[in-house]
Amino acid sequence: MSVTRGNHDDSNSQPFRRAWAIALCLAALGVAANAGANTSNGYNLPPGVTSLSRDIYALHMEVFWICVGIAVVVFGVMIYALVKFRHSQGAIPDTTLLHSTKVEIIWTVIPVVILVVMAIPAAKVILFMEDTRNSELSIRVTGYQWKWQYQYMDAAEGVNFFSTLARDSNFARQLHSGIDPKTVPNYLLEVDKPLVIPSGTKVRLLLTSQDVIHAWWVPDFGAKRSAIPGFVNELWFRVDPGKEGIYRGQCAALCGRDHGFMPVVVDVRTPDDFKKWVDEQKAALKQAATPGDAAPRSAQVLSN
Ligand SMILES: [Cu+2]
C-alpha cells in the first residue's frame, strides 16, 4: 500500500525533520561502528590468533556491515514515510495500488543478490574450515562427563592424559564452600593439565565422546565442534607464530549436571618448546613403564 500527499504546506518544519533524520542515521552508524571497531570491549567476536579465526571474523564483519547498510536504507525509508506521509499532514491512503509485478520482482531480486554476495565468501570459509588435509599433528580428544582426554598421535604418539577442572575452581564452586569465586584466578576456566600444542603447526583434533554430546570450543582459535559418542569429528587450527600463550574455552554443549565445570585450556608453545615438552612426557612415560619404578605423580602420564 502506498499513500499520496495531501495539499498541505509544511515548508517550515522541513529543516527540523531533515536534522532529525540525519541525527538518527548518525546515531545508528555510531553504534554500529563502535560494535565493529573495538574487538576487546566484549561487544564483538575476538579476531583470534589463527588464520581460520581471522577469516571467520572478516566474514562476520562483512555480513555485519551489509546488515547495517540494509537497516539504514530500510529504516530510513520507513521513518521518512512515517514522518512525511502522516495523517495530521493531510496524507490520503492510495487504495488503488493493490498489485505491482515490477515492485515484486524488485523486492525479490535485490535480496537474492544480497544473499548470493554473502554466500560466496561464506562458502569459501566453510570449505577452508573443513580442509583438514596436510595436518602436522593429530590429537584424539574424548569428552567425558566432565573432563577431556587428550591422546597425541604423530610425533607425540603415546602422550595421553586427562584434563580436569583445577582444584581451586573445584573447591570454590561447591555449595557453601565459603570461597568467593571472584578471588579465584580464571574461575571455572582453569584445568590441572592443559592441552599443549606447537604454534605455526596445523593441528588436527579428532573429536569423540564416551558418554553424551560435548563440544570442544576455544573462541580465540575460531574452533568449536561437537564431540559425539560413536562419531569422530575433525577440527583443525594453526596458531600464528608469535602468539604463544594460554588460551581458554569451555565445553559448549549442555552435557549434564557439571557441564559448566569442564573447561578447555590450551598452552601454545614454540615448536622447540613443544618438542622439549613431548620429550619430557615420553621420558616420564618410559619411566612409568619400567617395572619397579613408580610414575611421577606430577607427570600424570598414562600409558596406552
Ligand atoms: Cu561437556
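In each ligand, atom 1 is the first atom listed, and ligand 1 is the first ligand listed. Sequence positions, counted from 1, serve as the residue numbers for this chain.
- Remark: Arg173 is positioned above the aromatic ring of Phe261, its terminal NZ or CZ atom under 6.0 angstrom from the ring centre and at most 45 degrees off the axis.
- Rounding to 10 degrees, one finds that the Cu ion (ligand 1) sits at the corner of an angle of 100° between Cys255 SG and Met262 SD.
- The Cu ion (ligand 1) has an N, O or S atom of Cys251 under 2.8 Å away, backbone or side chain.
- Screening Glu234, Glu136, Glu130 for a salt bridge (Lys or Arg N to Asp or Glu O under 4.0 Å) involving Arg204 leaves a single residue, Glu234.
- Counted by atom type alone, Asp272 and Thr270 present zero donor-acceptor pairs between their side chains at under 3.5 Å.
- Sorting the N, O or S atoms of His214 by how far they are from the Cu ion (ligand 1) puts ND1 first.
- In this structure, Tyr247 has its ring center no closer than 6.0 Å to that of Trp217.
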